[in-house]
Amino acid sequence: MTENDAASATPLQPWPELPFDAWAETCETLHRWTQIIGKVALALRPFLNQWWQVGLHLTPREVTTGTIQFERGSFAMSFDFIEHLLLIETSDGQRAALPLVPQSVASFYRDVMTALETLGIAVTINPRPVEIPNAVRLDQDEQFAAYDATYVARWWRIMLETEHVLQRYRSTFAGKSSPNLFFWGSFDLNTTRFSSRPAPLPQGAPRFVQLAEDQENVSCGFWPGNITLGGVTLGEPAFYSYHYPEPTAYRDATIQPADAFYHPQLGEFILPYQAVRRSSDPANAILEFFHQSYDVAAELAQWDRTMLER
């Protein structure tokens, strides 16, 4: 039995331990691998508001691009975290399966692009990572080359459990809201509610951020802890919520559960994952955090809640 087989065969608790330091190299490697796949979707899909066309979707075993059109039909690219494979499958029955094993980002990049070419899928992507400070090009990165299947399986289980919570959270909102999407730039599972009002574009932000934040919104989700925002790296897995643009007195609000706090450098409310694991009902603790942070933001920003909520 291989390490990947053992990781797949071991039953996991719904909310397993995930100390960031224990899998930091794997997390950074996987982050970059997902950017390669996400950039293929970016290159071949028409634009949707708030970049929804590039967000990846969860299935019971995969993070997937979903269907993408190419010259001869359709294809999809999926990270299978049960068998630990990258699958590329086409509508004419062709299939490539690349094992997820320790290898450099540059090596993975070459393998993916070769597999796409072999399947007759013509695509060119920008190899520069996004939302990773001072990152090496994906086709040249020999530094990050780790893949610990045990910790990936733990992260994946948390993602699936969080997906269920986000589905419940979305169900009470009747206004515009995003699907539950995994964003490969920020490496988080996310959903966003919109007030229906335009927002001032964030000054000095990259164009992709301005397009994402052109409407007033409340966004929430789960990070494994590796992303740096405003020069700050959280360094631990956590749930988050923020309002853009931030209303006056938002940061002074009290949010439940009691372990939630406002992080002034990130500009977001944070609920540490470890605090959730200590809860008697982790899913409801997360749901309470998402609902309360939304309630505070919507009240302070004077959203039309009668129109937007069921």
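Position 1 is the first residue of the sequence; numbering continues from there.
- Rounding to the nearest 0.5 angstrom, the gap separating the CZ atom in Phe144 from the CG atom in Leu30 is 12.5 Å.
- Looking at heavy atoms from C-beta onward, Trp155 lies out of side-chain contact with Cys27 at the 4.5 angstrom threshold.
- Side-chain polar atoms of Glu17 and Tyr151 form no donor-acceptor pair below 3.5 angstrom.
- Relative to the ring axis of Tyr169, Arg193 places its NZ or CZ within 45° and under 6.0 Å from the centre.
- If you chain together hydrophobic residues whose side chains sit under 4.5 Å apart, Leu56 and Val130 fall into the same group.
- In this structure, the separation between CZ on Phe194 and CD on Gln215 is 5.5 Å, given to the nearest 0.5 Å.
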Handout entry: Audit row: Ile121, Thr90, side-chain contact (heavy atoms from CB on, under 4.5 Å) steps and yes/no
Key = CA-CA 9 Å; Ile121 301 168; Thr90 71; 4.3 Å; yes

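- The nearest pair of heavy atoms linking Thr64 to Ala76 is OG1-CB, 4.3 Å.
- Residues Arg137 and Asn126 have side chains that never bring a donor and an acceptor to within less than 3.5 angstrom of each other.
- The shortest side-chain heavy-atom distance between His31 and Thr34 falls under the 4.5 Å cut-off.
- When all heavy atoms of Trp51 and Phe208 are compared, the closest pair comes out as NE1-O, 2.8 Å.
- Side-chain N/O atoms of Ser74 and Ser91 include no donor and acceptor closer than 3.5 Å.
- Arg168 contributes atom CZ, which lies 9.5 Å from atom CD1 of Ile286 (distance to the nearest 0.5 angstrom).
- Looking only at atom types and distance, the side chain of Asp80 has no donor-acceptor partner in the side chain of Ser78 under 3.5 Å away.
- By the 4.5 Å heavy-atom criterion applied to side chains, Ser241 and Phe289 are counted as neighbours.
- If you check the side chains of His84 and Trp156, you find no donor sitting under 3.5 Å from an acceptor.
- At least one test fails for Arg310 against the ring of Phe173: distance under 6.0 Å to the centre or angle within 45° of the axis.
- A pairwise comparison of heavy atoms in Arg45 and Gln53 identifies NH1-O, 2.9 Å as the closest pair.
- Taking a cutoff of 4.0 Å between a charged side-chain nitrogen and a carboxylate oxygen, Glu246 and Arg251 qualify as a salt bridge.
- A single hydrophobic cluster is seen to contain both Met159 and Met77, as judged by linkage of ILVMFWY side chains at heavy-atom distances under 4.5 Å, directly or through other members.
- Judged by distance alone, the side chains of Ser293 and Asp295 never bring a donor and an acceptor atom under 3.5 Å apart.
- Residues Tyr147 and Thr29 fail the side-chain proximity criterion, which asks for heavy atoms closer than 4.5 Å.
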Practice task
For the pair Leu300 and Thr248, evaluate side-chain contact (heavy atoms from CB on, under 4.5 Å) and give the outcome as yes or no after the intermediate values.
Solution key: CA-CA 7 Å; Leu300 290 174; Thr248 301; over 6 Å; no

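- The shortest heavy-atom contact between Val105 and Leu138 is CG1-O, 3.5 Å.
- The closest side-chain donor-acceptor pair between Asp214 and Gln50 falls under 3.5 angstrom.
- The hydrophobic cluster containing Val165 does not contain Leu181, counting ILVMFWY residues as joined when their side-chain heavy atoms lie under 4.5 angstrom apart, directly or transitively.
- In terms of hydrophobic clustering, with Ile, Leu, Val, Met, Phe, Trp and Tyr side chains grouped at heavy-atom distances under 4.5 Å, Phe20 and Ile132 are assigned to different clusters.
- Using modelled atom types and a 3.5 Å distance limit, the side chains of Asn190 and Ser219 yield a donor-acceptor pair.
- Tyr109 meets the side-chain hydrogen bond (donor to acceptor under 3.5 Å, both in side chains) test with no other residue; sequence neighbours excluded.
- For the ring-ring contact (aromatic ring centres under 6.0 Å, His included) with Phe269, the qualifying choice from Phe239, Tyr250, Tyr240 is Tyr250, the only one to do so.
- Checking side-chain atoms of Thr233 against main-chain N and O of Gly235 turns up no donor-acceptor pair under 3.5 Å.
- We find the CG-OG1 distance between Leu42 and Thr65 to be 12.5 Å, quoted to the nearest 0.5 Å.
- Heavy-atom minimum distance, Thr191 versus Pro179: OG1-O, 3.9 Å.
- Counting only distance, with no hydrogens or angles, the side chain of Lys39 and the backbone of Thr124 share no donor-acceptor pair below 3.5 Å.
- The heavy-atom pair separating Leu116 from Val123 by the smallest distance is CD1-CG1, 3.8 Å.
- Put simply, CG on Leu85 and CD1 on Ile88 are 11.5 Å apart, with the number rounded to the nearest 0.5 Å.
- Taking 4.5 Å as the limit, every side-chain heavy atom of Thr192 sits out of range of all side-chain heavy atoms of Tyr244.
- Two residues are said to be in side-chain contact when any heavy atoms from C-beta on lie closer than 4.5 Å; Phe187 and Trp223 fail this criterion.
- Side-chain contact between Pro245 and Glu216 is present, with heavy atoms from C-beta onward closer than 4.5 Å.
- At a threshold of 4.0 Å, the pair Asp139-Arg110 does not count as salt-bridged, since none of the basic side-chain nitrogens sits closer than that to a carboxylate oxygen.
- In this structure, NE2 in His263 is found 15.5 Å from OH in Tyr242, a value given to the nearest 0.5 Å.
- A side-chain donor from one of Asn217 and Glu213 sits under 3.5 Å from a side-chain acceptor of the other.
- In this structure the side chain of Phe75 never reaches within 4.5 angstrom of the side chain of Leu119, judged on heavy atoms.
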Exercise for the section: Please report the C-alpha distance between Asn180 and Leu58 in whole Å, then the side-chain angles of each, then the deciding distance to 0.1 Å, and finally whether the side-chain contact (heavy atoms from CB on, under 4.5 Å) criterion is met. Expected result: CA-CA 8 Å; Asn180 297 333; Leu58 272 61; over 6 Å; no

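- A cation-pi arrangement is found for Lys176 relative to Trp52, the charged atom lying closer than 6.0 Å to the ring centre and inside a 45° cone about the ring normal.
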